[in-house]
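To start, the structure itself, in structure tokens.
The model shown is predicted, which means the values in this text are computed figures rather than measured ones.
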Amino acid sequence: MNKYKTIIIGAGQAGLAMGYQLQLKKEPFLIIDAHQNIGDSWRLRYDSLQLFTPRSHSSLPGLKMSGNPSGYPNKDELAEYLQKYQQKFKLNVKLNKKVKSVVKVNDEFIIKTTDEKEFNCSNVIVATGPFQVPYIPKFHEELSPSINQLHTEDYKNPSSLKNGDVLIVGGGNSGMQIAVELANDNKKVYLSLGKKPKFFPYQILGKSIFWWLSVLGVMRFTINSKIGQKIKQNDPIIGKEILPLIRNGHIKTLNRATDSSGEIVYFANKTSLKPSNIIWATGYKNDYSWIKTSSENVFNSKGLRGTTSILT
């Protein structure tokens, strides 16, 4: 029987930071993660991914990321940092453990993994992060198999695409970064946007935008505050590299994609496009079906949870 006081599900930033804090308090714990290596949730994403938070705001407690604090790390740098963090503090982690169910029986949680292992504990901390199940609009099923379709989770670099133009659907930071990469690779790029994006520069007067947000107190507002909700509704793009490419026509912006048929994608303003490739930069959706509990301190009225939830 694998019995622990606390089990943390997920060895990303939140899970490792929680493990660090429990270790400081000399509380016994175990972190389990589905990946083969610490940091794989970042390491396996597209090659050119750069974080939009600087090193000063990407570091975990007890260990600063090396390099310019105002600079922005790439995904491999963050992956190596997370691996170094776990090794430095000797955090108790078991890898290759994908959880298939969490059930509460009396005062104890039973965690079962896909390799048929079972763990028992008094407390569970869910720290599985935001990248769970890729979301793609259902109308993509109406498209011809001749169109190469990829979600950002499966895109690695320009060699992932076949010859021809590229439609990127979604205007978040990932969609923007990939659009810039492909335009610089001389691809003909179209970018479908649901709303007009707001851009923040990486730096102002030599300081990271996040330094300014901290000084102005913006970073202290919670997601439930009025300002927090306003920021969420107008999620800004960090970095302005895409703007000159849009101005000179290397990237053409389109309205929100609404439907498709065969080889054609239709947009909200009644225009259409026949792309050779589509990259769905449409984000992820949550899946907590493996948590077999209706505990109110885990899920809200919409069936969602916070960044880290604790089951007790």
Q. Which pairs, with at least one residue in residues 162-191 and sequence neighbours excluded, count as a ring pair (Phe, Tyr, Trp, His ring centres under 6.0 Å)?
A. none
Q: Take H140 and I147, measure what side chain to side chain contact (heavy atoms under 4.5 Å, CB included) needs, and give me the verdict at the end.
A: CA-CA 10 Å; H140 88 280; I147 298 176; over 6 Å; no
Q | Side-chain (T282) to main-chain (Y135) donor-acceptor, under 3.5 angstrom | A | yes
Q) With sequence neighbours excluded, what pairs up with S160 under the side chain to side chain contact (heavy atoms under 4.5 Å, CB included) test? A) L150, Y155, K156, N157
Distance-only check: which donor-acceptor pairs under 3.5 Å involve side-chain atoms of residues 14-28, not counting sequence neighbours?
unit_1, atom_1, unit_2, atom_2, d
Q23, NE2, F89, O, 2.5
E27, OE1, K5, NZ, 2.6

Q: Measure from the side-chain N and O atoms of T271 to the backbone N and O of F267, and report whether any donor-acceptor pair falls under 3.5 Å.
A: no
Q: Determine whether S70 and S56 make a side-chain contact, defined as any pair of heavy atoms from C-beta on separated by less than 4.5 Å.
A: no
Q: For the pair F119 and Y4, evaluate side chain to side chain contact (heavy atoms under 4.5 Å, CB included) and give the outcome as yes or no after the intermediate values.
A: CA-CA 8 Å; F119 301 85; Y4 299 85; 4.0 Å; yes
Q) Heavy-atom distance under 4.5 Å between the side chains of K117 and K112, does that happen here? A) no
Q) Got a donor-acceptor contact below 3.5 angstrom from the Y81 side chain to the L63 backbone? A) yes
Q) Heavy-atom count around Q36 CD within 6.0 Å, excluding the residue itself: above 12? A) no
Q) Quick one: ring pair (Phe, Tyr, Trp, His ring centres under 6.0 Å) partners of H151, sequence neighbours excluded? A) Y284
(Q) When you group the ILVMFWY residues by side-chain heavy-atom contacts below 4.5 Å and let the links chain together, are L82 and I125 in the same group? (A) yes
Q: Go through the side-chain N and O atoms of Y85 and Q13 and say whether any donor and acceptor fall under 3.5 Å apart.
A: no
Q: Can you run down the salt bridge (Lys or Arg N to Asp or Glu O under 4.0 Å) pairs that involve residues 28-49, sequence neighbours left out, and say none if there aren't any?
A: D40-R43, R43-E80
**Q.** Under 3.5 Å: donor-acceptor pair, side chain of Q83, backbone of G39
**A.** no
**Q.** Same apolar cluster (I L V M F W Y, side chains within < 4.5 Å links), V265/V189
**A.** no
Q: Just do the salt bridge (charged side-chain N to carboxylate O under 4.0 Å, His left out) check on E108 and K3 with the steps written out, would you?
A: CA-CA 10 Å; E108 201 169 64; K3 188 164 184 178; 2.8 Å; yes
**Q.** Pairwise salt bridge (Lys or Arg N to Asp or Glu O under 4.0 Å) hits with a residue in residues 157-169, at least two apart
**A.** none
**Q.** With K100 via salt bridge (Lys or Arg N to Asp or Glu O under 4.0 Å) - residues at least two apart
**A.** E116
Q. With distance as the sole test, does Q86 use its side chain to make a donor-acceptor pair with the main-chain N or O of L91 at under 3.5 Å?
A. yes
Q) Among pairs that include at least one residue of residues 274-286, which meet salt bridge (Lys or Arg N to Asp or Glu O under 4.0 Å), considering only residues two or more places apart or in two chains? A) E263-K274
Q: Specify the closest pair of heavy atoms between L167 and S192, including all atoms of both residues, with the distance to one decimal.
A: CD1-CB, 4.1 Å
Q.
Membership question, hydrophobic clusters at under 4.5 Å side-chain separation (ILVMFWY): are V169 and I242 in the same one?
A. no
(Q) Using modelled atom types and a 3.5 Å cut-off, is there a donor and acceptor pairing between side-chain atoms of S59 and backbone atoms of M65? (A) yes
Q. Can you tell me if Y46 and E153 form a side-chain donor-acceptor pair at under 3.5 Å?
A. no
Q: May I ask you to check whether T53 and S58 show a side-chain donor-acceptor distance below 3.5 Å?
A: yes
Would you give me the side-chain donor-acceptor pairs under 3.5 Å for residues 252-260, sequence neighbours excluded?
unit_1, atom_1, unit_2, atom_2, d
T258, OG1, Y266, O, 3.4
S260, OG, F139, O, 2.5

Q. So which residues get pulled into I110's cluster when ILVMFWY side chains under 4.5 Å apart are joined, directly or through others?
A. V103, V105
Q: Give a yes or no answer on whether the side chain of N248 reaches the backbone of H250 with a donor-acceptor pair at less than 3.5 Å.
A: yes
Q: Might you confirm whether atom CG of N163 has over 12 heavy atoms from other residues, nucleotides or ligands at distances under 6.0 Å?
A: no
Q: With sequence neighbours left out, write down each residue that passes salt bridge (Lys or Arg N to Asp or Glu O under 4.0 Å) with E142, or none if nothing qualifies.
A: none
Q: Quick one: which residue pairs count as a salt bridge (Lys or Arg N to Asp or Glu O under 4.0 Å) with a foot in residues 55-68, not counting sequence neighbours?
A: R55-E77
Q. Quick one: does N74's side chain get under 4.5 Å of L49's, heavy atoms only?
A. no
Q) Looking at side-chain heavy atoms only, is the closest gap between V124 and I8 below 4.5 Å? A) no
Q: Take I264 and L273 through the test side chain to side chain contact (heavy atoms under 4.5 Å, CB included) and record every step on the way to the result.
A: CA-CA 6 Å; I264 301 174; L273 183 71; over 6 Å; no
Q) Is there a path of hydrophobic side-chain contacts, each under 4.5 Å between heavy atoms of I, L, V, M, F, W or Y residues, that connects F109 with I32? A) yes
